[in-house]
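Read through the structure below, which is laid out as structure tokens, and then see the notes.
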Amino acid sequence: MKQLSIVILFISLLNCAYAGIVQSDTLAKDTAVKKDFVSQMQDFAKQSAARSRKDYDADRAMVRQNEILEQIKRTNQRARAFLKNGVDSLQINSDLDNIIKWHEIAGDGVFNHLGTAQTTRNLTTTYNVLVGLSKDVAAQKSRIDRYQTQLIQFRFALDSLSNDPSLFQFPTDSAELVNYIQQLRAAAVEISPVTQSLKTAIYNIQHIQTKINLELFRLNAHMEEINFYQKEIADRIFNKEFVNIWQPNTFDRPFSELLYYSVHKAYLVMVFYFKAHWGKFLFLILMVVCSAYYLTSLKRELTSQQEKSGEKADGLVIRYPVCSAIIIVCSIFQFIFPAPPFIFSALLWILSGILLSVIFRTYISQYWMKIWLALFTLFVLACMDNMILQASRPERWFILLISAWSFGVGLYALINRKRHEELRERWILYPIGLMTAFTLIACISDIFGQYNLAKVLMVSGLLSVMITILFLWVVRLINEGLQFASMLYTHQEQRLFYLNYNRVGTQAPTFFYIFLVIGWFVLFGRNFYEFRQISEPLKNFFEQEHTLGSYTFSISNLVTFIVIMIVTTVVSKVVSYFASDQQWSSKEEKRKRKLKVGSWLLLIRITIIVLGLFLAFAAAGIPMDKITLILGALGVGVGFGLQTLVNNLVSGLIIAFEKPVNVGDVIEVGGQGGTVKSIGFRSSVISTVDGADLVLPNGDLLNSHVINWTLGGYKKRMHIVLRVTYDSDLQHIRDLLLLIMGKQVNILTSPMPVVQYNQFAASAIDIDLYFWVRSLRDASQIRSDLMQDIHQHFRQEGIVIPFPQQDIHIASGTEKEGDRKD
């Protein structure tokens, strides 16, 4: 506006000057004046535009400067807060120093303080410790890397904002310039300590990163070196490693020092394994608690039932419910722990063995109890010896003693055939024979310096016997528990998740035996390096990625997909089985469960399968856009040939939401009655009164005329037709019938029974009886009992129920002629 006013004033002055020019000037002079005026106006316009653009740029720069200063302030505050809540470098350095110290302890006998030969147990334990250390270091490295990245981002943000060109456009006005310089000085004072702190933190983090990277490199290098040593020992397993046991050693190390490092390594292995699998430890404890509670409840229920009936049921599960629960859970659920260290597995086995000894006290013969205690003691001693990681002369004598003692016990148990008949489980003789052979070879190997072979064979032989005995008695305990549960819980109960023991059976299923056999081979094979040589390539084969077109997959992903779908299907069927199988339930339980689950069961099953499908796709790494292609293909399939299937599926959903029928309802379809047993995806199952199961497609069920007796509360009106002679007292009969029906407890008094006279028939008067029964299922029996009572009272009262009859009068021929004359 100011520039515009100046232009207007300048034009007015020029007009006044031009009006005072003498009229006598020539035409050329007038033309020159006009040209001079135009040029002056153009120059003035250019100057005005330049000043206007300069003022605009200054205002824009001021706005940008304020924005940048505000961003610097916010970034500086976030950086200060991040530095305040950042990592503790001192603690990280301390943890890293501990890791380096543990690394040195783990390397004892492998990388330092070397003896004349490496031992398999020391290499395995050291490798497990290094794996745990490497995971800790990798976690620290990941944390430090993220922290450093954030520090660099804050520093870069502050530097880029501080060097923005807009900050260096100074105002031309002196007052504005002084104010702007004060703002810059305040911003510089505010960000200077934060910038310096960021610089110092980045330097410290880089120093820690270098230290972590070096330690991680050392750990990986040492693990590769251990793998080389293990392969070398496996290749030379039958070679002589030490001098004969009667010859003097060339290198001796104090046994106390070996024991010290063995204890420390065992401690480190357990600490790192617990940190990696603490969730599984909690699950194991939870399963022990739940199993102990269930078996204790089973014992309490059986004891209560025995007191009432006078019968006595005895078994190991009933005598020792807590011990049985611990043995079962520790033996079965140890397989949820991947590659457990020997000390952890040994603790589970020893605990189970102690509890099994308690159970054996009064159950097996004294002879086999002594054999068991001898074998268990030898197993404990073998586990203790296996904890000693490095070879020594005292330990070699200890191995020889254990092996010779085990060989003697095994040979004595096999030779004494008279005692074999006392065995509860004959399969125990086979692992005893294997142990006898292994321990004999272990004695010979130990005497002639084959230390690793002797130790592996001794431990494996005793372990095979221990695991076999545990697994065989786990099966016995489970079978006993199923037998007692089937005897006690004759119908499904809510606190048992409606488990039907009549369907489960009294013995463990076949796949459970297969699982235990495979588990025995796994536990036995872990003692040999060859098992690792077999399992590692198999693991790599499953994890190796393959390419099919644009899709990359691995065998493990496909197996995961299939397993999740199978588990989803099984869970869906289990939910349906537990919730809808009412064969062994009482009427009251059926009614309660119908209200809780009902036809919502189909929706629950569909939800489980849909969630399982998406989870399987996600676990297998299949892109979710592939599902769109599958749905498109299904759409084409529906259009061509799946209309009936989709119709039944949609009908099932309509039944689930609208609930014309529900699981457990008593219905009639097409003149055939029964109870709705289940509502599935495609069809529903109706249990008929004849005992057969009618499979009816959901579309037919939805489109049929269905009579639902359950919606009316199971009540039904019954109808009986009676006939009495014409000379009967009808009022007396009415009163008598009402009295008879009133005495029947299963006949409802509201609505009241009704007695109606229907018609005068050919030989009797027809009477209709109408009455309501409480339960549809008892209607036929109530009708039968009522007819019996009516017949009995009619006979006592002399009331005759006539049978259909017709009188025929026959006339002779003469009578007909006389009639005609008349």
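What you are looking at is a predicted structure, and each value in this text was computed from that prediction instead of being measured. In what follows, every heavy atom counts, from backbone to side chain, and hydrogens, waters and symmetry copies are set aside. Quick note: residue numbers are just sequence positions, from 1.
- Residues M387 and I343 approach most closely at CE-CA, 3.3 Å, considering heavy atoms.
- Rounded to the nearest 0.5 angstrom, I350 CD1 and M384 CE are separated by 8.5 Å.
- Nearest heavy-atom pair, I245 versus R396, reported as atom, atom and distance to 0.1 Å: N-NH2, 3.5 Å.
- The closest donor-acceptor contact from the side chain of N479 to the backbone of V475 lies under 3.5 Å.
- Put simply, the side chain of R236 never gets that close to the backbone of I233: no donor and acceptor are under 3.5 Å apart.
- In this structure, V137 and I99 have side chains that are in contact, with non-hydrogen atoms separated by less than 4.5 Å.
- With hydrogens and angles disregarded, no donor-acceptor distance shorter than 3.5 Å links the side chain of R121 to the backbone of L389.
- Here the side chains of V459 and F379 are not in contact, with every heavy-atom distance at 4.5 Å or above.
- Within 6.0 Å of atom OH in Y260, 12 or fewer heavy atoms from other residues, nucleotides or ligands are found, so the atom counts as exposed in its surroundings.
- To the nearest 0.5 Å, atom OG1 of residue T126 and atom CD of residue Q118 are 8.5 Å apart.
- Using bins of under 30°, 30° to 60° and over 60° for the plane-to-plane angle, the ring pair Y273/F344 lands in the tilted bin.
- Residues meeting the side chain to side chain donor-acceptor pair (under 3.5 Å) test with Q334, sequence neighbours left out: W349.
- Counting heavy-atom neighbours within 6.0 Å of F228 CZ, excluding the residue itself, gives a total of 12 or less.
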Do F272 and K135 pass the side-chain contact (heavy atoms from CB on, under 4.5 Å) test, and can you show the C-alpha distance, the side-chain angles, and the key distance before you say yes or no? CA-CA 9 Å; F272 289 127; K135 289 181 179 179; over 6 Å; no
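- Side-chain contact check for M223 versus N220: some heavy-atom pair is nearer than 4.5 Å.
- More than 12 heavy atoms of other residues, nucleotides or ligands sit less than 6.0 Å from atom NZ of K240.
- H103 NE2 to N98 CG: the interatomic distance, rounded to the nearest 0.5 Å, is 14.5 Å.
- Counting heavy atoms from C-beta outward, E241 and T119 have side chains that stay 4.5 Å or more apart.
- L284 has its side chain out of reach of H277: every pair of non-hydrogen atoms, C-beta onward, lies at least 4.5 Å apart.
- Rounding to the nearest 0.5 Å gives a distance of 10.5 Å between CG of L401 and CG of D446.
- Side-chain rings of F281 and F337 approach one another, their centers coming within less than 6.0 Å.
- Taking all atoms of both residues into account, the shortest heavy-atom contact from L470 to G353 is CD2-N, 4.4 Å.
- A ring-centre distance under 6.0 Å is not found for W368 and F360.
- Taking all atoms of both residues into account, the shortest heavy-atom contact from W372 to L356 is CH2-CD2, 4.1 Å.
- Shown here for I318 and K299, the closest heavy-atom pair between the two residues is O-CD, 2.9 Å.
- The side-chain contact (heavy atoms from CB on, under 4.5 Å) test with K455 is passed by exactly one of T120, N386, I402: N386.
- With S445 contributing its side chain and A442 its backbone, the two residues share no donor-acceptor pair below 3.5 Å.
- Between V456 and F438 the shortest side-chain heavy-atom distance does not fall below 4.5 Å.
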For a quick test of your reading: what N or O donor-acceptor pairs under 3.5 Å do the side chains of residues 320-333 make, sequence neighbours left out?
{"from": "S324", "atom 1": "OG", "to": "Y320", "atom 2": "O", "distance (Å)": "2.6"}
{"from": "S331", "atom 1": "OG", "to": "I327", "atom 2": "O", "distance (Å)": "2.8"}

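- Between F471 and F335, the ring-plane angle classifies as tilted under the 30° and 60° cut-offs.
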Between W246 and I447, does a side-chain contact (heavy atoms from CB on, under 4.5 Å) hold up when you go through it step by step? CA-CA 8 Å; W246 63 83; I447 290 173; 3.7 Å; yes
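- In summary, the side chains of Q390 and D108 do present a donor paired with an acceptor at a separation below 3.5 Å, with no hydrogens or angles considered.
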Is there a side-chain contact (heavy atoms from CB on, under 4.5 Å) between Y294 and V289 once you walk through the steps? CA-CA 9 Å; Y294 170 75; V289 173; over 6 Å; no
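- Panel note: side chain S403, backbone L400; no donor-acceptor pair is recorded below 3.5 Å.
- Ring geometry for F242 versus Y451: interplanar angle over 60°, hence perpendicular rather than tilted (30 to 60°).
- Two residues are said to be in side-chain contact when any heavy atoms from C-beta on lie closer than 4.5 Å; W405 and L381 meet this criterion.
- Residues M435 and L462 are in side-chain contact: their nearest non-hydrogen atoms beyond the backbone lie under 4.5 Å apart.
- T439 contributes a side-chain N or O that, together with a main-chain N or O of T436, makes up a donor-acceptor pair within less than 3.5 Å.
- Using modelled atom types, one finds no donor on one side chain facing an acceptor on the other under 3.5 Å when comparing K265 with Y261.
- When all heavy atoms of S357 and F376 are compared, the pair lying nearest together is OG-CD2, 4.4 Å.
- Between atom NZ of residue K275 and atom CE of residue M270 there is a gap of 13.5 Å, rounded to the nearest 0.5 Å.
- Here the CG-OG distance, from N122 to S262, works out to 7.0 Å after rounding to the nearest 0.5 Å.
- Side-chain atoms of Q230 and Y127 form no donor-acceptor pair, as typed in the model, at a separation below 3.5 Å.
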side-chain contact (heavy atoms from CB on, under 4.5 Å) evaluation trace for Y412 with I371: CA-CA 9 Å; Y412 179 73; I371 296 293; 4.1 Å; yes
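- Remark: E104 engages R218 in a salt bridge, criterion side-chain N to carboxylate O under 4.0 Å.
- Using modelled atom types, one side-chain atom of N128 and one backbone atom of T124 make a donor-acceptor pair closer than 3.5 Å.
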